[in-house]
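All values below were derived from every heavy atom in this structure, side-chain atoms included, with hydrogens, water molecules and symmetry-related copies excluded. Everything numeric here is computed off the predicted structure, so don't read it as measured data.
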2 protein chains.
Amino acid sequence: MKRHPIPLLYRSQHPHPCDDHLPPDLHAGLQQRITEVATSTVELARGENLAHSGAAFHHLYLVVSGAFKAVQLGAEGRSQIVCFYGPRELMGLSGFSQRRYTTDLSALMPSVVCEFPVQAIESAVSADRLLLERLLTYVSEGLERAEQDQFMLGSLTAPQKIACFLLRVQAMRRRIGGDANGFDLPMTREELGSYLGLTMETISRLLSHLHAQGVARIDKRHVQILRDDLLQAWRDEGVDLPLSKRKKSPELRVA
Amino acid sequence: MKRHPIPLLYRSQHPHPCDDHLPPDLHAGLQQRITEVATSTVELARGENLAHSGAAFHHLYLVVSGAFKAVQLGAEGRSQIVCFYGPRELMGLSGFSQRRYTTDLSALMPSVVCEFPVQAIESAVSADRLLLERLLTYVSEGLERAEQDQFMLGSLTAPQKIACFLLRVQAMRRRIGGDANGFDLPMTREELGSYLGLTMETISRLLSHLHAQGVARIDKRHVQILRDDLLQAWRDEGVDLPLSKRKKSPELRVA
DNA sequence: CGGTCGCTTGATAATCGTCAATTGATGTGG
DNA sequence: CCACATCAATTGACGATTATCAAGCGACCG
């Protein structure tokens with residue numbers, strides 16, 4: 001974990017490390033302001049942590065490259081991944097209420113982030129109404145995402161969860177940059193299972209099934225979705241697992 | 001659903017409908033500002049909706065009395081409750097990103113709320129740095145809660161979920177006001193099941209079991225927790241369901 | 001008084017977790 | 001460079017947690 005301070009002089013005079021890595025929908029003026037409050041970039045190896053649950057909340061982090069997971073810790077050593085982050089996403093937003101990080105933030109692969117002191121963010125925000133609205137929007141977006149995840153975890157079956165996840169990743173990819181043929185998942189089966197409330201084995205079986213059915217090409221971590229329509233059907237209507245003996249064909253009951 | 005406008009003249013000169021119903025940890029000066037932006041109070045009967053998923057995001061709502069549920073809608077008519085709200089809680093905070101409500105907000109019982117135009121909130125917030133920090137804190141708190149709920153939905157067993165829920169309600173009650181002997185749940189078994197990702201029947205069985213074991217008194221919607229320690233054990237270590245044949249006593253295997 | 005609603009309880013079954021064995025990839029040290 | 005260990009992933013067999021289906025009961029309401 002190497003930290004590279006960004007000298008004050010440097011800021012906003014040279015091309016900034018964050019340039020082209022800021023969240024979308026940001027006006028030029030705001031980009032300026034934001035790069036001014038970044039103090040360092042940090043490089044992390046796979047498995048290294050940016051923040052620990054319960055630690056003092058001093059920085060927000062912008063993912064420049066790589067990917068991260070946010071891990072909720074529970075009793076008895078249990079834990080669950082509650083969010084994944086990729087480039088241009090802001091991490092740490094749930095810390096404002098307690099002034100503590102509420103999850104661990106851990107790199108899924110070699111990654112680079114940009115570090116923003118909370119103090120400086122708050123000053124910049126009270127000086128600029130647009131910036132306030134942006135920050136509020138980001139936290140609110142996180143809340144919206146978390147509540148959708150609650151729905152996913154509580155109301156969908158295993159095949160529906162996987163389909164939902166893959167479709168979301170694809171939509172993300174589409175919004176960011178072009179995606180020629182497919183994409184690479186940054187997480188292991190176990191991590192994906194943790195996020196979806198399933199086991200590694202279930203994830204593996206379902207991905208194999210998707211492959212066998214020709215819905216997607218799955219090669220290790222590489223995924224190419226072949227039949228968007230079928231995947232949407234998986235998500236919205238569910239499917240029979242290959243494991244299931246047989247679909248219940250509800251025979252007419254005698255009245 | 002009756003709406004009662006609060007005349008401009010009236011505001012901050014008379015006792016305000018929101019007084020004593022504002023969120024905790026609010027300075028006197030902020031209370032003043034907040035009551036100034038409230039435009040109406042609204043009375044709702046059980047089942048009436050304050051907001052519909054996808055509708056334009058014009059107001060935040062403060063619960064004055066009663067209780068609400070936030071309902072996420074999914075494909076094929078599925079839905080799940082993602083949050084319950086009681087007095088002094090702010091509803092609608094997930095709407096800032098899309099400028100649309102992301103859930104339905106529906107009254108669980110006859111209730112009263114105070115209505116705040118988003119526009120006015122944002123003006124007040126840019127004028128007052130403390131108010132900004134408060135609002136940010138509330139949204140961030142919501143995010144923290146939702147991520148805890150993700151953990152609950154994805155990582156806990158049915159008995160653990162119920163125990164977790166009851167302990168949270170009790171902690172809430174303790175923070176707000178005194179609680180003599182127990183409390184009344186504002187939601188049906190079905191609504192609680194929706195929130196916890198379980199069915200009505202499972203909720204009913206587990207509450208009966210808690211009663212039978214002497215962990216809590218359960219009488220319809222009224223709950224009195226008798227053994228905090230046992231309930232915490234339910235939450236942290238899990239228990240055997242009464243339905244389960246037998247706990248797997250892992251016999252020593254021959255090597 | 002009939003009907004709906006909320007709730008309880010029982011019987012059955014299916015989804016998905018657990019346990020186990022295997023394979024291939026990666027990396028490390030002798 | 002190869003043996004060895006470790007880790008990610010796949011696949012199978014089995015079982016338990018929890019959903020589904022069903023029946024019944026009391027309360028409340030029009």
Query raised in the report: Once each nucleotide of nucleotides 3-10 of chain C is scored for protein heavy atoms under 4.0 Å, what B/S/- sequence comes out, 5' to 3'?
Result: ---SSBBB

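- Among the heavy atoms of the strands, none lies under 4.0 Å from G238(A).
- Atom CZ of R168(A) sits in a crowded spot, with more than 12 heavy atoms from other residues, nucleotides or ligands closer than 6.0 Å.
- With salt bridges taken as basic N to acidic carboxylate O contacts below 4.0 Å, one links E147(A) and R145(B).
- Side-chain contact of T103(A) with S53(A): a donor-acceptor pair under 3.5 Å is absent, judged by distance alone.
- Shown here is E190(A), whose CD atom has no more than 12 heavy atoms of other residues, nucleotides or ligands within 6.0 Å.
- Although no hydrogens or angles enter the test, the distance criterion places a donor-acceptor pair under 3.5 Å between the side chain of Q160(A) and the main chain of T157(A).
- Here R3(A) pairs with E115(A) in a salt bridge; the nearest charged N to carboxylate O distance falls below 4.0 Å.
- To the nearest angstrom, C1' of dG17(C) lies 15 Å from CG of L156(B).
- With respect to the salt-bridge test (charged N to carboxylate O, under 4.0 angstrom), the residues D149(B) and K161(B) do not qualify.
- Among residues two or more places apart in sequence or in another chain, the side-chain contact (heavy atoms from CB on, under 4.5 Å) test is passed with L167(B) by Q170(B), D228(B), L231(B), Q232(B), R235(B).
- Protein atom NZ of K161(B) is 12 Å distant from nucleotide atom C1' of dA19(D), rounded to whole Å.
- H209(A) has its NE2 atom 18 Å from the C1' atom of dA9(D), to the nearest Å.
- Following rounding to the nearest Å, L153(B) (CG) and dC16(C) (C1') show an atom-to-atom distance of 17 Å.
- Taken over five-pair windows at either terminus, the axes of the helix from dC1(C)-dG30(D) to dG30(C)-dC1(D) are inclined to one another by 40° (rounded to 10 degrees).
- Residue T157(A) has no polar side-chain atom (N or O) positioned under 4.0 Å from OP1 or OP2 of dT15(C).
- For the pair L196(B) CG and dT17(D) C1', the computed distance is 16 Å after rounding to whole Å.
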